[in-house]
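Here, residue 1 is the first one in the sequence, and each next residue gets the next number.
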Amino acid sequence: MDIIVFLFLAALGLALLVFAGWRLVSNRHVLPCPVWLRWMVELDNPFTRTNRATVIIEHLNLKPGMTVLDAGCGPGRLTIPLARQVGEQGQVVAADIQAGMLARVRTKAQAAGLSNITFIEATIGQGQLDRNCFDRALLVTVLGEIPDRPAAMREIFETLKPGGLLSVTEVIFDPHFLRRRSVAALAEDAGFRPKAVHGNCIAYTMLLSKPGGA
């Protein structure tokens, strides 16, 4: 038992050390989660309900056949359940700047028997997405990693259909954490309208709508 406790504390200490170093470097440089550290973001954070995949997806009011953008998808923690939710007639576009992360999502999609996921290696904000084609878009603990955040918000606004929703989730444990007022300001400048906020000031999901639609 003593060995198990020691190993657990050692693993916890290592994780905290890695997180602290990542946060320190991230304060000076834009640094997405490295592929070799994907285990830190591949599972739901046990310390906050707001960041759980099921909770984020519940707020989206998804329907079969919808098209969803998972921007900065990482290892696919949201991508896989999103693809299941929209069904075979729907589509999820998994976008990330790291080929290794996309490869991980492909592996998980194949294992799950999912064929409704499209992969794009891209930085959001560089004009690589088509206009008016998504019903929903997600930025889950990723907005702070994007170098040009105003451009990213404008591109997502343009790629959503009128009446579409953007879901932005931020958690204080993330080294690129953005406060609600910062996200709200970026959203307003891009043309979004606030719809709802779930959670609290240190762990929240902000729902933003693109005007128009039925």
Side-chain angles (χ1 to χ4, degrees), residues 33 38-46 48-96 98 101-122 124 128-143 152-153 155-171 174 183 187 192-199 203-210 212-214:
C33 179
R38 66 174 185 264
W39 56 272
M40 293 185 66
V41 295
E42 196 152 15
L43 300 175
D44 286 340
N45 189 317
T48 173
R49 181 176 184 275
T50 303
N51 192 41
R52 294 176 188 169
T54 54
V55 174
I56 295 171
I57 292 173
E58 281 174 4
H59 298 316
L60 291 173
N61 191 27
L62 289 177
K63 295 179 175 60
M66 280 188 168
T67 302
V68 181
L69 171 65
D70 188 6
C73 64
R77 183 171 68 92
L78 274 293
T79 312
I80 301 303
L82 285 169
R84 290 193 177 109
Q85 193 89 1
V86 299
E88 294 181 359
Q89 302 304 314
Q91 184 183 41
V92 175
V93 173
D96 203 278
Q98 300 184 87
M101 289 294 193
L102 295 175
R104 176 59 177 164
V105 186
R106 283 192 183 92
T107 299
K108 293 166 76 171
Q110 290 171 359
L114 296 169
S115 58
N116 59 342
I117 302 174
T118 301
F119 304 91
I120 298 178
E121 187 175 343
I124 306 301
Q128 294 174 263
L129 301 173
D130 294 332
R131 295 190 174 194
N132 300 316
C133 61
F134 292 104
D135 299 290
R136 302 287 187 267
L138 294 90
L139 287 166
V140 179
T141 60
V142 72
L143 183 56
M153 292 295 278
E155 182 170 23
I156 292 178
F157 181 86
E158 292 172 354
T159 201
L160 281 170
K161 299 174 184 177
L165 291 180
L166 167 62
S167 173
V168 181
T169 298
E170 291 288 327
V171 179
D174 182 70
V183 175
F192 284 103
R193 292 178 181 171
K195 184 175 179 64
V197 178
H198 304 279
Y204 65 88
T205 291
M206 184 179 296
L207 293 177
L208 306 157
S209 66
K210 178 176 179 176

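Atom CD in Glu58 sits 9.0 Å away from atom CD in Gln85 (nearest 0.5 Å). With values rounded to the nearest 0.5 angstrom, Leu166 atom CG is found 5.0 Å from Leu208 atom CG. Annotation: the span from Arg104 atom CZ to Thr79 atom OG1 amounts to 12.0 Å, rounded to 0.5 Å. To the nearest 0.5 Å, atoms OG (Ser115) and CD (Glu88) are separated by 6.5 Å. Between atom CE of residue Met206 and atom OG of residue Ser167 there is a gap of 10.5 Å, rounded to the nearest 0.5 Å. With rounding to the nearest 0.5 Å, the separation of CG in Leu207 from NZ in Lys195 is 7.5 Å.
When side chains are defined from C-beta on, Leu82 counts as touching Ile57, because their heavy atoms get closer than 4.5 Å. Under the 4.5 Å side-chain criterion, counting only non-hydrogen atoms from C-beta, Val93 is in contact with Ile120. In this structure, the side chains of Thr50 and Glu170 stay at 4.5 Å or more apart for every pair of heavy atoms. Counting heavy atoms from C-beta outward, Asn132 and Thr159 have side chains that stay 4.5 Å or more apart. A 4.5 Å side-chain heavy-atom check between Leu165 and Arg136 finds at least one atom pair inside the cut-off. With contacts defined as side-chain heavy-atom distances shorter than 4.5 Å, the pair Cys73/Leu102 qualifies. In this structure the side chain of Phe119 never reaches within 4.5 angstrom of the side chain of Asp96, judged on heavy atoms. Side-chain atoms of Gln91 and Val86, non-hydrogen and from C-beta on, never get closer than 4.5 Å to each other.
Scanning both residues, Leu138 and Ile56, for their nearest heavy atoms gives CD2-CG2, 3.8 Å. Closest approach of Ala112 and Arg84 over heavy atoms only: CB-NH2, 3.6 Å. Across Phe134 and Val68, no two heavy atoms sit closer than the pair CD2-C, 3.6 Å. Taking every heavy atom of both residues into account, Lys108 and Pro75 meet most closely at NZ-O, 3.0 Å. Summarising the geometry of Ile117 relative to Ala94, their closest heavy-atom pair is CG2-CB, 4.2 Å, with the distance given to 0.1 Å. Residues Leu129 and Leu69 share a closest heavy-atom pair of CD1-CD2, 3.7 Å.
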Chi angles and distances behind the side chain to side chain contact (heavy atoms under 4.5 Å, CB included) call for Phe192, Ile156: CA-CA 10 Å; Phe192 284 103; Ile156 292 178; 4.2 Å; yes

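Side-chain contact, Asn51 with Arg77: a donor N or O sits under 3.5 Å from an acceptor N or O.
Checked by atom type and distance alone, the side chain of Lys210 pairs as donor or acceptor with a backbone atom of Leu160 at under 3.5 Å. A distance-only check finds a donor-acceptor pair linking the side chain of Asn116 to the backbone of Ala83 [under 3.5 Å].
Within a 6.0 Å sphere centred on CD of Gln128, heavy atoms belonging to other residues, nucleotides or ligands number more than 12.
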